[in-house]
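Just dropping this structure here.
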Amino acid sequence: MKDAPLYLRPRVDPPLASLLGDVPFLHSLVDVLGSPLNVLLPEVVADNAERFRSVYRRHRLAGRVYFAHKANRSSALVRRLAACDPAAVGIDVASLEELRHALSCGFTGNRVMATGPKDREFLWLAARVGATVNLDSAGELEQLAELVRTYGLGRVDVLARLSGFESDTGHGGVGTRVLSRRSRFGTPVAEIDELWAALERHQDAVILTGLAYHLDTTGLEEKVRALERCVLAMDECRARGLAPRVVDVGGGFGVGYVAEAGEWERWTTALSEAVLGVRPPLTWRGHGYGLRNEGGTVRGAAALYPAHRPVAGPGYLDQLLSLPAPVLGRPPATLLLEHLNDLYVEPGRALVDQCGLSLARVLDVRPVGVGHTRHLVRLGMNAGDVSLEEHGVLVDPVLLPRGDLRDEAADDGPVGVHLVGNLCLEADLITRRLVFLPRLPRAGDLLAFVNTAGYVMDFHAHHAQRQPVARTVAVTEEGGARRWCLDEDYWPLTHPQGVPS
Ligand SMILES: Cc1ncc(COP(=O)(O)O)c(C=O)c1O
């Protein structure tokens with residue numbers, strides 16, 4: 001008997017939907033450039049930056065939106081952002097190469113924020129070009145100060161990244177100590193006094209312009225607490241003669257991948273049932289995504305990204321700024337205004353939401369299992385080319401039939417398939433989930449993995465077995481016509497009529 005389909009269909013907004021609807025165009029790109037192939041819409045990243053800016057305006061806040069470059073290697077996206085209002089949009093770089101890339105794409109040093117752990121070369125170049133250094137630790141501060149003195153660099157703007165926020169919820173006078181998510185980055189709040197002392201000691205080399213955090217959680221309350229703690233810590237700094245004026249709340253605003261809440265709820269419920277054995281497995285070899293059956297009870301936590309999110313991206317920032325802060329009771333936006341603080345954000349995933357898709361050609365389809373009700377679909381890509389699984393993101397690909405095969409396709413209805421990659425490796429599954437497609441694909445069809453620009457399309461891409469890594473193209477529209485170029489050839493310019501790109 002065939003499995004009843006359990007879809008997790010993607011959320012697709014108009015510009016990406018229009019691209020996805022142009023099936024002959026996408027097939028022609030893969031015919032020319034091969035499979036896998038990444039397709040980006042640089043205009044969408046600028047629209048997303050504007051959506052973040054509109055939240056700033058709504059709350060009357062000043063400050064910059066810094067794109068966390070690590071989310072995507074593309075030049076087109078970085079160049080398009082470089083063309084945005086310099087006062088409004090910057091870039092967060094987490095390596096020497098990302099810094100070099102940002103500068104070569106048109107960002108001036110004063111629009112760059114250097115985050116993450118840094119080596120000497122990265123620190124030197126960041127200081128040399130006038131970037132803001134988001135200090136990971138007191139040790140990094142010592143190293144930066146030494147470089148500034150040794151090489152006669154100007155004073156460097158720095159943010160101090162804090163972590164290990166602890167708060168007293170204080171309900172009914174009986175406080176509960178709450179510790180935020182642990183992080184191996186940043187200075188723990190418990191060690192803040194030593195950090196202030198170090199910043200005072202190095203005032204000839206650095207200027208403390210603000211405090212920062214980045215919490216790897218979707219929990220809003222945890223972030224509100226951290227933001228409030230930063231505002232309070234800024235007052236402590238001022239009392240010591242330091243003059244910070246910015247709170248940087250990092251990234252983590254999130255993306256909604258799955259369109260319908262109902263599909264997400266049905267699928268996650270079915271996963272628990274499958275783990276308990278009351279329905280057939282939904283995954284390759286009964287993988288439980290962190291859930292397990294202990295004597296008839298589901299235990300463990302599903303290691304999954306919350307793929308359906310009613311509020312994400314700019315909407316999440318809006319909520320973060322609007323919830324009451326636990327100690328002072330007023331929303332963070334009000335606290336920032338009252339203290340005359342600017343706001344920095346570093347969205348990665350959310351800034352490239354709906355900016356692109358990854359295409360794979362179907363190479364082979366073969367039945368498996370009892371009664372041949374399921375199929376293995378082998379793709380011209382591997383798990384590194386579309387690392388949805390690595391990030392716990394579960395969402396269906398979209399089937400794009402090859403035009404010349406479409407007519408002869410018997411409509412055999414929805415079918416459950418296992419998507420396997422092009423490596424000679426048992427573990428090379430595009431996803432361990434049984435994926436339902438509206439009909440059985442055929443060799444030559446394409447599968448489009450939608451909304452892959454954030455960490456999915458190139459973060460884990462590799463050259464194992466000398467398989468090709470995806471090329472990336474940028475697609476733009478001019479005068480109603482769709483144009484494409486290789487990512488590296490994109491510049492944010494319009495083309496005079498008749499001049500090829
Ligand atoms: C310091 C910092 N800022 C921003 C980001 C971007 O996070 P996201 O892509 O979830 O917005 C990260 C992600 O790891 C980070 O470490």
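When a ligand or atom number is given, it counts from 1 through the structure's own listing order.
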Suppose we screen for side chain to side chain contact (heavy atoms under 4.5 Å, CB included). Which residues come up paired with Val30, at least two apart in sequence or across chains? Ser35, Leu37, Leu359, Arg361, Leu446
Any carboxylate oxygen within less than 4.0 angstrom of a Lys/Arg side-chain nitrogen, looking at Arg229 and Glu236?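 Yes, charged N to carboxylate O under 4.0 Å.
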Can you name the residues that form a side chain to side chain contact (heavy atoms under 4.5 Å, CB included) with Thr269, not counting sequence neighbours?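 Scan of Thr269 (side chain to side chain contact (heavy atoms under 4.5 Å, CB included), adjacent residues dropped) gives Glu273.
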Excluding sequence neighbours, so at least two apart, what forms side chain to side chain contact (heavy atoms under 4.5 Å, CB included) with Arg330?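 Per chain and number, Arg330 pairs via side chain to side chain contact (heavy atoms under 4.5 Å, CB included) with Leu328, Thr334, Leu335, Glu338.
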Are a donor atom and an acceptor atom from the side chains of Glu389 and Thr431 found within less than 3.5 Å of each other?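 The answer is yes; a qualifying pair exists.
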Among Tyr213, Phe67, Tyr66, exactly one meets ring-ring contact (aromatic ring centres under 6.0 Å, His included) together with Tyr344. Which residue is that? Tyr66
Pocket residues of ligand 1, ordered first by chain and then by residue number (heavy-atom cut-off under 4.0 Å):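 Only Ala68, Lys70, Asp92, Arg161, His214, Gly251, Gly252, Glu346, Pro347, Gly348, Arg349, Tyr455 have heavy atoms that fall under 4.0 Å of ligand 1, ordered by chain and number.
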